[in-house]
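Here is the structure we will look at.
Start at 1 with the first residue, then count along the sequence. What you see is a predicted model, and the numbers here were worked out from it, not measured in a lab. These numbers come from the heavy atoms of this one structure, side chains and all, not from hydrogens, waters or symmetry mates.
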Amino acid sequence: MKIGLVLHELHRSENDLAQKLLHVSERHKVDHEIYHLARDLARWSQHHVREIAEIGRHYDQDLDPEPEGEHGLTEKLREKGSELIGRRSHAALLMLVDLREVYTMASGVSADWEMLAQAAQGIKHHDLLDVTQRCHPDTLRQLRWANAMLKVNSTQILIS
């Protein structure tokens, strides 16, 4: 079975998505909605990393249950840069790029959850299916949030 490989990739992808959301949050700290919601959404992916590591043991995967963390200095530099840049036009365009990347990453993670759910159903592994049913809806919400923020910010940024 290749389920272990999918779990390994999903673990990496969820970690990457969490890191990207934290990065977006820090970079666009002056936009309070982006800052706070991106941090909340990052915690969801961090929770998924733990769930994947737990179920991964059943598939001979030794995955780190602790999500990758931000380095303190890097985080502070990004936050300070965000404060200095503020809402200037190039920062606003950068936000669109960042939101597009979140949307694209969340789409990939969603596809991985879907593949895993289909495989779990096919082989009747109910524990694995339960994990997909708990985590995939969060990823879909992350995807919808990124899409909504792209729509709202595109209108404000590209027209003005």
Side-chain angles (χ1 to χ4, degrees), residues 6-56 61 63-117 128-160:
V6 175
L7 285 167
H8 190 273
E9 175 60 20
L10 185 56
H11 184 267
R12 184 198 59 75
S13 296
E14 283 282 12
N15 252 321
D16 289 349
L17 180 56
Q19 290 303 302
K20 183 62 182 180
L21 284 161
L22 289 171
H23 176 82
V24 168
S25 169
E26 293 153 10
R27 186 182 291 191
H28 305 288
K29 187 175 182 179
V30 296
D31 186 318
H32 295 290
E33 184 176 5
I34 297 287
Y35 177 77
H36 292 290
L37 283 171
R39 294 188 88 68
D40 289 343
L41 297 175
R43 281 191 287 278
W44 290 0
S45 282
Q46 290 170 334
H47 175 74
H48 297 169
V49 165
R50 292 181 189 97
E51 292 249 16
I52 295 164
E54 176 69 27
I55 196 74
Q61 296 297 305
L63 303 169
D64 188 355
E66 284 307 309
E68 294 175 10
E70 273 289 310
H71 304 304
L73 180 59
T74 304
E75 181 178 336
K76 293 298 176 196
L77 287 173
R78 276 195 205 120
E79 286 178 3
K80 193 60 169 168
S82 172
E83 291 168 8
L84 293 173
I85 291 172
R87 279 277 209 181
R88 294 187 189 143
S89 63
H90 65 282
L93 289 174
L94 184 59
M95 181 187 297
L96 292 179
V97 170
D98 284 341
L99 289 169
R100 182 184 179 279
E101 287 177 13
V102 168
Y103 179 83
T104 302
M105 291 173 82
S107 295
V109 171
S110 177
D112 289 346
W113 279 120
E114 193 63 52
M115 288 187 296
L116 201 56
L128 182 58
L129 185 58
D130 289 345
V131 171
T132 66
Q133 290 173 340
R134 281 193 306 272
C135 296
H136 190 212
D138 292 342
T139 303
L140 292 173
R141 285 186 214 109
Q142 290 167 321
L143 186 60
R144 285 192 298 271
W145 173 81
N147 188 43
M149 291 297 98
L150 273 169
K151 288 177 182 178
V152 167
N153 286 293
S154 293
T155 302
Q156 294 172 354
I157 293 167
L158 298 177
I159 296 175
S160 58

Would you mind reporting whether H8 and L63 have side-chain heavy atoms less than 4.5 Å apart? yes
Is the closest side-chain heavy-atom distance between D138 and L41 below 4.5 Å? no
Under a 4.5 Å cut-off applied to non-hydrogen side-chain atoms, are Q142 and T139 in contact? yes
W44-E14 side chain donor-acceptor pair, cut-off 3.5 Å: no
Roughly how far, to the nearest 0.5 Å, is CZ of R144 from OG of S110? 9.5 Å
Whether the side chain of N153 engages the backbone of M149 through a donor-acceptor N/O pair (distance < 3.5 Å, no angle test) should be reported. yes
Ignoring hydrogens, what is the shortest heavy-atom contact between L7 and I52? Give both atom names and the distance. O-CG2, 3.5 Å
Just by modelled atom types, is the R100 backbone N or O under 3.5 Å from a matching donor or acceptor in the T104 side chain? yes
Excluding sequence neighbours, so at least two apart, what forms salt bridge (charged side-chain N to carboxylate O under 4.0 Å, His left out) with D40? R43
Kindly state each residue pair satisfying salt bridge (charged side-chain N to carboxylate O under 4.0 Å, His left out) with at least one member in residues 106-116, sequence neighbours excluded. none
By salt bridge (charged side-chain N to carboxylate O under 4.0 Å, His left out) - contacts of D16 (at least two apart): R12
Spacing of CD1 belonging to I55 relative to CG belonging to D130, to within rounding of 0.5 Å: 8.5 Å
Contact between D98 and K20 at the side-chain level, heavy atoms closer than 4.5 Å - yes or no? yes
Within a strict 4.5 Å, meaning less than it, do heavy atoms of the V6 and E9 side chains meet? no
Main-chain N/O of L150 paired to S154 side chain as donor or acceptor, under 3.5 Å: yes
Quick check on H136: does its NE2 atom have over 12 non-hydrogen neighbours (other residues, nucleotides or ligands) under 6.0 Å away? yes
Under 3.5 Å donor-acceptor, S45 side chain and A42 backbone: no
First locate atom CH2 of W145, then atom CG of L37, and finally report the distance between them rounded to the nearest 0.5 Å. 6.5 Å
Measuring from atom CD of E54 to atom CZ of R50, what distance do you get when rounded to the nearest 0.5 angstrom? 12.0 Å
Rounded distance [0.5 Å steps], CE in M105 versus CG in L143: 12.5 Å
Please determine, by modelled atom types, if H23 and Q19 share a side-chain donor-acceptor pair under 3.5 angstrom. no
Close side-chain approach of V49 and Q46, heavy atoms under 4.5 Å: no
Distance-only, no hydrogens or angles: does the S25 side chain make a donor-acceptor pair with backbone N or O of Y35 under 3.5 Å? yes
